[in-house]
K.L.:
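This is the structure I have questions about; it appears just below.
Values below: all heavy atoms of this structure, side chains included; hydrogens, waters and symmetry mates excluded. Here is the naming used below: chain letters follow the sequence lines, and residue numbers restart at 1 for every chain. Predicted model, so just to flag it, every value in this text is computed and none were measured.
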Amino acid sequence: MSRGPNENYVKSRVPRGFHLDVARKIQMALASRVVEEDLININNVDLVAGIDVAYINHKDTEIGISVASTYSISRSSIIEWSCWVGSIIFPYVPTLLSFRELKPVVNAYLRLRTKPQVVLIDGHGRAHPYRLGIASHFGVCLRIPTIGVAKSLLYGRMEGTEGPVLDVSTNEVIGWTVQCAPTKPTYVSVGYGISLGSAVNLVKRMCVGSQMPIPILHSHNTANSLKRRITKRLMGETTFEELDSECKASMGNYLS
DNA sequence: GCGACAG
DNA sequence: ATCTTGTCGC
């Protein structure tokens with residue numbers, strides 16, 4: 001596969017001891033297991049979760065704050081949200097985002113009491129040079145329908161304001177551009193267990209003028225407000241465990 | 001050869 | 001993504 005981040009650049013950013021060639025083989029192996037058909041009835045979907053992560057740099061360590069929010073389409077509201085706070089050791093490297101964010105993303109997801117039917121993840125799914133963006137990585141590992149929703153393109157070329165994202169060399173459709181916001185585009189791609197058409201349809205039903213659909217937007221805003229609160233607490237030397245249990249205690253449950 | 005590059 | 005200063009609009 002051609003275009004996409006320069007491999008030498010990627011290699012230079014990877015931590016010592018991390019074998020890029022092995023990671024690529026893993027990505028390709030998992031990518032071959034991605035299901036691009038609907039494993040759920042799109043017209044019967046009500047609960048959709050969205051996950052996002054915020055970061056804080058504190059004394060040579062990086063803290064990740066992840067939030068998962070479950071939105072009910074029928075009730076037009078967020079019915080629950082969960083969060084997780086912990087250390088992040090892997091750096092951000094284009095095409096290797098999942099090696100950094102899967103830990104916080106999965107942990108926040110596991111804390112949801114009511115499991116959603118589909119999960120929206122901030123990043124790409126199949127629109128990735130090795131066909132395994134974080135949304136697909138998450139879906140293949142947990143075998144849960146997922147959709148990748150991103151604010152910018154990592155790989156591929158967009159055709160028009162509202163249309164397909166094509167692989168530069170093979171011309172295959174790897175994603176779709178949607179106009180959730182008036183100006184900025186939103187890129188949707190299959191994560192796992194759902195067709196591209198259904199993924200686009202579902203995302204469009206949860207757009208409210210912002211680039212991100214409601215579930216991810218709620219998680220994004222919540223993660224940032226938790227971050228502001230945590231930043232203040234950090235001045236007084238608080239441990240990860242304390243921060244995490246405080247965050248855990250603040251999780252919202254609007255079920256009853 | 002230069003530049004691109006999810007979060 | 002994060003950091004940061006200034007400006008616009010409700």
K.L.:
Can a cation-pi geometry be assigned to A:Lys115 and A:Tyr109, taking NZ or CZ under 6.0 Å from the six-membered ring centre and within 45° of the ring axis?
P.N.:
yes

K.L.:
Salt bridge check, A:Arg131 against A:Glu36: does any charged N sit closer than 4.0 Å to a carboxylate O?
P.N.:
no

K.L.:
Counting side-chain heavy atoms from CB outward, which of B:dG7, B:dC5, C:dT2 is closest to A:Pro94?
P.N.:
B:dC5

K.L.:
Would you tell me if any nitrogen or oxygen in the side chain of A:Lys227 comes within less than 4.0 Å of OP1 or OP2 on C:dC3?
P.N.:
yes

K.L.:
Using whole Å, report how far CG of A:Asn6 lies from P of B:dC2.
P.N.:
12 Å

K.L.:
For A:Leu96, answer base if it contacts any base atom (sugar-phosphate contacts may also be present), sugar-phosphate if it contacts only those atoms, and nothing otherwise; contact means non-hydrogen atoms under 4.0 Å.
P.N.:
base

K.L.:
Going by heavy atoms closer than 4.0 Å, what residues in residues 133-153 of chain A are next to DNA chain B?
P.N.:
A:Gly133, A:Ile134, A:Ala150, A:Lys151, A:Ser152, A:Leu153

K.L.:
For A:Cys83 and A:Arg111, which heavy atoms make the closest approach, and how far apart are they?
P.N.:
O-NH1, 2.9 Å

K.L.:
Checking the side chain of A:Ser32 only, and the main-chain atoms of A:Ala29 only, is there a donor and an acceptor separated by less than 3.5 Å?
P.N.:
yes

K.L.:
Taking atom P of C:dA1 as reference, at what distance in whole Å does atom CD1 of A:Ile65 sit?
P.N.:
13 Å

K.L.:
Any side-chain donor-acceptor pair under 3.5 Å between A:Thr61 and A:Ser87?
P.N.:
no

K.L.:
Please check if any side-chain donor atom of A:Ser198 sits under 3.5 Å from a side-chain acceptor atom of A:Ser195, or the reverse.
P.N.:
yes

K.L.:
For the pair A:Lys103 and A:Glu101, find out whether any cationic side-chain nitrogen is under 4.0 Å from an anionic carboxylate oxygen.
P.N.:
no

K.L.:
Expressed as a whole number of angstroms, how long is the span from A:Ile88:CD1 to C:dT2:C1'?
P.N.:
14 Å

K.L.:
Once you apply a heavy-atom cut-off of 4.0 Å, does A:Tyr92 come out as touching a base, just sugar-phosphate, or nothing?
P.N.:
base

K.L.:
Give the rounded distance in Å between these two atoms: CD1 of A:Ile216 and C1' of B:dG7.
P.N.:
12 Å

K.L.:
Please work out if A:Ala127 contacts a base, only the sugar-phosphate, or nothing of the nucleic acid, heavy-atom cut-off 4.0 Å.
P.N.:
nothing

K.L.:
Both conditions, 6.0 Å and 45 degrees, for the charged tip of A:Arg100 above the ring of A:Tyr55: are they met here?
P.N.:
yes

K.L.:
Could you tell me the separation between the CD1 atom of A:Ile89 and the P atom of C:dA1, rounded to a whole number of Å?
P.N.:
22 Å

K.L.:
Taking Watson-Crick (N1-N3 plus N6-O4 or O6-N4) and G-U wobble (N1-O2, O6-N3), each under 3.5 Å, can you produce the dot-bracket string of DNA chain B? Use [ ] for crossing pairs and | for inter-strand ones.
P.N.:
.......

K.L.:
Over how many whole Å does the gap from A:Glu101 atom CD to C:dA1 atom P extend?
P.N.:
9 Å

K.L.:
Tell me: CD1 of A:Ile174 to C1' of B:dA6, nearest whole Å?
P.N.:
12 Å

K.L.:
Using only atom types and a distance under 3.5 Å, with no angle test, would you say the side chain of A:Arg229 pairs donor to acceptor with the backbone of A:Asn224?
P.N.:
no

K.L.:
Contact class for A:Tyr9 vs. all strands (heavy atom < 4.0 Å): base, sugar-phosphate, or nothing?
P.N.:
base

K.L.:
To the nearest Å, how far apart are A:Phe90 CZ and C:dA1 C1'?
P.N.:
15 Å

